[in-house]
4 protein chains.
Amino acid sequence: MSARKQARNHGGRPRDSRVDDAIASAVQELLAEVGYMGLTMAEVAARAGVGKAAIYRRHATKQEMIFDVLLPDQFLAVAPDHGSLSADLAAVLAEIADSMTTPPQGTIPGLLADIHADPALRDRFDRKYLEAQRRTLTEILDRAAARGELTTRPDPAALNALLVGPVFAWLFLLSESPEQLPVLTSALLDAALALTSSGPSGAAVQAGAP
Amino acid sequence: MSARKQARNHGGRPRDSRVDDAIASAVQELLAEVGYMGLTMAEVAARAGVGKAAIYRRHATKQEMIFDVLLPDQFLAVAPDHGSLSADLAAVLAEIADSMTTPPQGTIPGLLADIHADPALRDRFDRKYLEAQRRTLTEILDRAAARGELTTRPDPAALNALLVGPVFAWLFLLSESPEQLPVLTSALLDAALALTSSGPSGAAVQAGAP
Amino acid sequence: MSARKQARNHGGRPRDSRVDDAIASAVQELLAEVGYMGLTMAEVAARAGVGKAAIYRRHATKQEMIFDVLLPDQFLAVAPDHGSLSADLAAVLAEIADSMTTPPQGTIPGLLADIHADPALRDRFDRKYLEAQRRTLTEILDRAAARGELTTRPDPAALNALLVGPVFAWLFLLSESPEQLPVLTSALLDAALALTSSGPSGAAVQAGAP
Amino acid sequence: MSARKQARNHGGRPRDSRVDDAIASAVQELLAEVGYMGLTMAEVAARAGVGKAAIYRRHATKQEMIFDVLLPDQFLAVAPDHGSLSADLAAVLAEIADSMTTPPQGTIPGLLADIHADPALRDRFDRKYLEAQRRTLTEILDRAAARGELTTRPDPAALNALLVGPVFAWLFLLSESPEQLPVLTSALLDAALALTSSGPSGAAVQAGAP
DNA sequence: AGCTAAGCGAGACGGTACGTCAAGTCTTCAG
DNA sequence: CTGAAGACTTGACGTACCGTCTCGCTTAGCT
């Protein structure tokens, strides 16, 4: 996935997959030790017991390297049927929370900034994540519609933002403790479900016109 | 607010306030032109027609400078009574959306990363923003309670995350267009209000046990 | 002489001449310790207690730095009258020998290679050295002609090559000991004077046609 | 001559002599195109249609490779009797001039620098060239002495330096045109012969004491 | 009015990381 | 074992930026 172009399986020494692993491990360790900004390519190379050239052969820039290492290839790729809309959304929410709490502390904001700074990275992020996420949510909504659980069908992007955003905000904007995440997620689930059972701003209209 | 220590009112030439303005303008312009990562102190100084020392006399680091320039001193500081919980939340939401769309494109993620990288900046962010935000939300909830609009009182942090998170996600995680923000905010308002009128996980329980 | 452009004596912090000296000393020391090829900019900077940028502000490349440091500004610039052609030539020869034995062992061949590899350096070498050398030799020949010491006026370039070449060859092609240089120079002086007192290839003609 | 160790004539595939030629040609071409410093092993291999390993199997280092390719195996090895000292020296001079003008422009200074930087190369240079050169010059002087052409027998090293040095200087120190070399060599021959017919510093003494 | 401390633009300074590139070694597959 | 291909480690290069310091000058405000 990170390989720029896997050499035509003809001549030449093949890439050593142990090098990929060593780089990934070194990045993970160093991110945990020195943080996102403190990470240097020289240190990654040294820690991995690898030359800098071997890194740049795999990742065009430091930012791409971190991106490749931190972001797992599968993300919200599967949407197993849990039997109800509520259970499906809870599963999605759990996976979102997981993907934001597993990387070393403080790397997500750095990564996000780099993604916004580099169009190439942004494209890759889009194709790798957002697409899968959109697909999964659509599937879940389709199933719920088939079950007759939906009064109204919410905008997929809005639902996506509603699920991902608060978790991100809890962790990185409000700096609330990850352990207290359940406080958020249970409330969040209610809120999300509310979107599926009432008119598309009905509450607001009612509340705004007493 | 940005002055590190206003000179002992004794002798010496006073700070030139035109310098502060020139720096702020240069930062704004350059952020728009070259992006967050492309900003250099030398260029800011040159654009502002100012020496680098004059900048560092006012801001301890590059990150602090951007922080000082981008973040307005007032943010959610006031919570005028709009007559109903729904209207109050709508106002808050509007202010949040505004604060995230006015800075030059792509600066918010960079700023957030820097805030997470520097404890000093994080402290300032906390005191300047989160505190005011918490206070404002509490006030609004108090008023709503007094009006009898609350069935249950939601966790303030969760409500905060629910309001701020989706807007942030819409703009910076999903890269949806700022013009389409109303699509999100109207749905979001419904969802937020849902938290105030039903049991703390009632919907989930009901949906989970048909 | 090495300064690229001495800042208009207007604003800005002036160059610190101690930095120039520190660089020159470091280069000299390191050339003696690790040789021409073993010299690295990082080590020069470290030894001089100076940032690399300070070096590159003064010298465009590593090669130029060595050139600037090794080649004294004055070389064969003066041609004091020693009273006779022979004495003048002996003085020139002594200065040539001196300029080739004072730099750290083995730096001259490296420097010469770099001069041939870089047109810019070649130009500077030309203007700085060859010109002065030509001028000086011409002067000496003029004086000798005025004294009536010249039967024939030799080609200046040929005389130049005849004086410089053997010393260079002795030291760097044949690797003979510098202490034995007098063995060469005394013979060389005879040979050079021979060019001034006989017809232009007269000896060859005589020898070739006995 | 260039092979490091010819494989034990035991089993295995024999060296392909076409590879040697391809390497030599590639080096010659590339030296002419990109110069001494611009030459890279990767490019040599590519141009020769050969793997880098095949080069290193034949030459221990880049410097040795160039040395092996540029320096012909025979150099001043033979000293055919031309009938007179003058003619013999003229022949030697011609061969010297030839050996310095045939390699691609500017490679000689680079090669010389490398020889001084690497003791192993220096040894090979010594044994391959200087020895043969000394032997040849001694032979010529012996013949001249037998013919009675020598008033005094000059130091062989000094004579060597006197012959080689000016040619080198003309081409690589003064950057005079190779076409004009005859201007130098004719004068040079006179000067060299002067050493053989007068006292070892007689002219200098005479000139110095009028 | 003069003194003085601080401000000011300019830019050199030490330091540190980046990404590139070359040398020489090693590893695969094919013959 | 030779050969081509190319990945590997090592380490220098030259660039860029940060935050500090130094220069010569200007500008208030206290005495």
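By convention in this document, chain letters (A, B, ...) are assigned in the order of the sequence lines, proteins followed by strands, and residues within each chain are numbered from 1.
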For this session: Give, ordered by number, those residues of residues 28-40 of chain C having at least one heavy-atom distance below 4.0 Å to an atom of DNA chain F; if nothing qualifies, reply none.
Result: C/Leu39, C/Thr40

Exercise. If you check the B/Tyr56 side chain, which of E/dC8, F/dT20, F/dA4 turns out closest?
Worked result: F/dT20

Problem set entry | For atom CZ of D/Arg47 and atom P of F/dA5, their distance in whole Å | 15 Å

For this session: Check the distance between E/dA17's C1' and A/Gln63's CD and give it to me in whole angstrom.
Result: 12 Å

For this session: Kindly say if B/Arg58 contacts the phosphate of E/dC8, meaning a side-chain N or O under 4.0 Å from OP1 or OP2.
Result: yes

For this session: Calculate the interatomic distance between B/Arg57 atom CZ and F/dT22 atom C1'; express it in whole Å.
Result: 13 Å

Exercise. Any donor-acceptor pair under 3.5 Å linking the side chain of D/Lys52 with the backbone of D/Val44?
Worked result: no

Exercise. Looking at B/Asp68 and B/Arg124, does any basic side-chain N land under 4.0 Å from a carboxylate oxygen?
Worked result: yes

Exercise. Between the side chain of D/Lys128 and the main-chain N/O of D/Asp123, is any donor-acceptor distance below 3.5 Å?
Worked result: no

For this session: Tell me what C/Ala53 touches on the nucleic acid: a base, only sugar-phosphate, or nothing, going by heavy atoms under 4.0 Å.
Result: base

Seminar exercise, completed: Contacts satisfying side-chain hydrogen bond (donor to acceptor under 3.5 Å, both in side chains) that involve residues 23-36 of chain A (not counting sequence neighbours) are A/Glu29-A/Arg47, A/Glu33-A/Arg47, A/Tyr36-A/Asp114

Exercise. Quick one: the side chain of D/Lys52 and the base of F/dG6, do they pair up donor-acceptor inside 3.5 Å?
Worked result: no

For this session: Measure across D/Val19 and D/Ala54 and return the closest heavy-atom pair with its distance rounded to 0.1 Å.
Result: CG1-CB, 4.3 Å

Problem set entry | Between E/dA17 (C1') and A/Met65 (CE): distance, integer Å | 13 Å

For this session: Starting from the 5' end of DNA chain E, give me the residue, C/Ala48 or B/Asp16, whose nearest nucleotide shows up first.
Result: B/Asp16

Exercise. When you match C/Val19 and A/Arg13 each to their closest nucleotide on DNA chain E, which lands nearer the 5' end?
Worked result: C/Val19

For this session: Please determine if D/Arg58 and D/Asp20 form a salt bridge, counting it only when a charged side-chain N lies under 4.0 Å from a carboxylate O.
Result: yes

Exercise. Are the side chain of D/His59 and the backbone of D/Ile66 linked by a donor-acceptor contact shorter than 3.5 Å?
Worked result: no

Exercise. Taking only side-chain nitrogens and oxygens of A/Lys62, does any of them come within less than 4.0 Å of OP1 or OP2 of E/dC18?
Worked result: yes

Seminar exercise, completed: Picking from F/dA28, E/dG24, F/dG14, the nucleotide nearest the side-chain atoms of B/Pro14 would be F/dA28

